[in-house]
Amino acid sequence: MKELKGIYAITDETLTPLSTVIAQVEEALDAGAKLIQLREKSSSDEDLEEVARALQTLCDQKQATFFINDRVQLAKKIGADGVHVGFSDQTVKETRAEVGDQMLIGVSCYGDIERAKTAVKDGANYVAFGAFFPSKTKPKADVVSIEVIARAKSELEVPVCVIGGINRKNIHEIVQYQPEMYALVSDIFGSEDIKTAVTELDQLITKSN
């Protein structure tokens, strides 16, 4: 099973349009990103299939882990490493029953430790908490206390992912809690130089550990 640790680059319909997303993801992987999530809300599964297959192949080549956001059927169809489900999507238990034992499942838990515990019991491989800072890509997301990370690390036995407004200016506030996974959108794919962004983030994480 692939490792759930490191920089988790999440695509965005505006910042990574389908015409350029593969090249952008490759830049992020070459600079040290370890996990990729295809997050695309408005396209059909059919429209996304070719890109999703290409991204899975790319992640295999780079020894990275590839997740698809929400689209369980598409993840199954292309043999993705994993699927990430949010609050409004189907439950972890339903997802696990659908994808079997081999596929990884990540779940959004916001600031809710009890939700995370239930998700782990139902088969989640990692739990994501946030937003920890105001987020450009999810401006309506509630900001949760960074203390949640400490609780999650002490009470859960799966990797903890942090997400929401994290960037090179504030990541030092998060790193001291040593989450396993750092999910970013804007500070990677919204930057002028993706490779520099990932390299600098990686250095900031490594320096603090």
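From a predicted model like this one, the values you see are computed outputs, not experimental measurements.
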Subject >> Glu155 atom CD, neighbour heavy-atom count above 12 within 6.0 Å >> reply: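 More than 12 heavy atoms, drawn from other residues, nucleotides or ligands, come within 6.0 Å of this atom.
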Original post:
For Lys169, does the NZ atom sit with more than 12 other heavy atoms under 6.0 Å from it, leaving out its own atoms?
Top reply: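 Counting neighbours around NZ of Lys169, 12 or fewer heavy atoms of other residues, nucleotides or ligands fall under 6.0 Å, so no.
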How long is the span from the [atom1] atom in [X] to the [atom2] atom in [Y], to the nearest 0.5 Å?
X      : Y      : atom1 : atom2 : value
Leu18  : Asp47  : CG    : CG    : 8.0 Å
Leu156 : Lys121 : CG    : NZ    : 13.0 Å
Thr16  : Ile188 : OG1   : CD1   : 11.0 Å
Thr20  : Glu27  : OG1   : CD    : 9.5 Å
Leu201 : Asn167 : CG    : CG    : 8.0 Å
Ser43  : Asp45  : OG    : CG    : 9.5 Å

Original post:
For Ile36 and Thr65, what are the C-alpha separation, side-chain angles and deciding distance, and is it a side-chain contact (heavy atoms from CB on, under 4.5 Å)?
Top reply: CA-CA 6 Å; Ile36 299 294; Thr65 310; over 6 Å; no
Contact check, side chains of [X] and [Y], non-hydrogen atoms, under 4.5 Å:
X      : Y      : answer
Pro159 : Asn125 : no
Arg115 : Val107 : yes
Phe133 : Ile174 : yes
Val160 : Met181 : no
Phe129 : Ile149 : no
Arg53  : Glu49  : yes
Tyr8   : Cys161 : yes
Leu204 : His172 : no

For [X] and [Y], indicate whether the former's side chain and the latter's backbone hold a donor-acceptor pair under 3.5 Å.
X      : Y      : result
Asn170 : Gly165 : yes
Thr196 : Asp193 : no
Gln37  : Ile68  : no
Lys153 : Gln178 : yes
Gln56  : Ala75  : no
Ser108 : Tyr110 : no
Thr118 : Glu114 : yes
Lys2   : Ala64  : yes

Original post:
Asp70 and Lys41: side-chain contact (heavy atoms from CB on, under 4.5 Å), yes or no, with the steps?
Top reply: CA-CA 9 Å; Asp70 296 352; Lys41 295 295 186 180; 2.3 Å; yes
**OP:** For Glu40 and Asn69, test the side chains for any donor-to-acceptor distance below 3.5 angstrom and give the result as yes or no.
**Re:**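 Per modelled atom types, Glu40 and Asn69 side chains form no pair under 3.5 Å.
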Original post:
Have Thr199 and Asp202 got a donor and an acceptor in their side chains that come within less than 3.5 Å?
Top reply: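 No, no side-chain donor-acceptor contact under 3.5 Å.
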Please report the closest heavy-atom contact between [X] and [Y], naming both atoms and the distance.
X      : Y      : result
Leu35  : Glu3   : CD2-O, 4.2 Å
Ile166 : Leu184 : O-CD2, 3.1 Å
Phe66  : Ala52  : CE2-O, 3.5 Å
Arg168 : Ser191 : NH2-CB, 3.8 Å
Gly100 : Arg96  : O-NH1, 2.7 Å
Asp30  : Lys62  : OD1-NZ, 2.8 Å

Original post:
Can you check side-chain contact (heavy atoms from CB on, under 4.5 Å) on Lys34 and Lys5, steps first, answer last?
Top reply: CA-CA 7 Å; Lys34 299 299 183 188; Lys5 188 174 184 180; over 6 Å; no
**OP:** On the 0 to 90° scale, with breaks at 30° and 60°, tag the Phe67-Tyr126 ring pair as parallel, tilted or perpendicular.
**Re:**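 Ring orientation of Phe67 relative to Tyr126: perpendicular.
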**OP:** Kindly indicate, with the supporting measurements, whether the criterion side-chain hydrogen bond (donor to acceptor under 3.5 Å, both in side chains) is fulfilled by Gln90 and Thr95.
**Re:** CA-CA 7 Å; Gln90 65 186 42; Thr95 305; 3.2 Å; yes
**OP:** Evaluate side-chain hydrogen bond (donor to acceptor under 3.5 Å, both in side chains) for Thr57 paired with Asp60, printing each intermediate quantity in order.
**Re:** CA-CA 5 Å; Thr57 298; Asp60 286 341; 5.4 Å; no
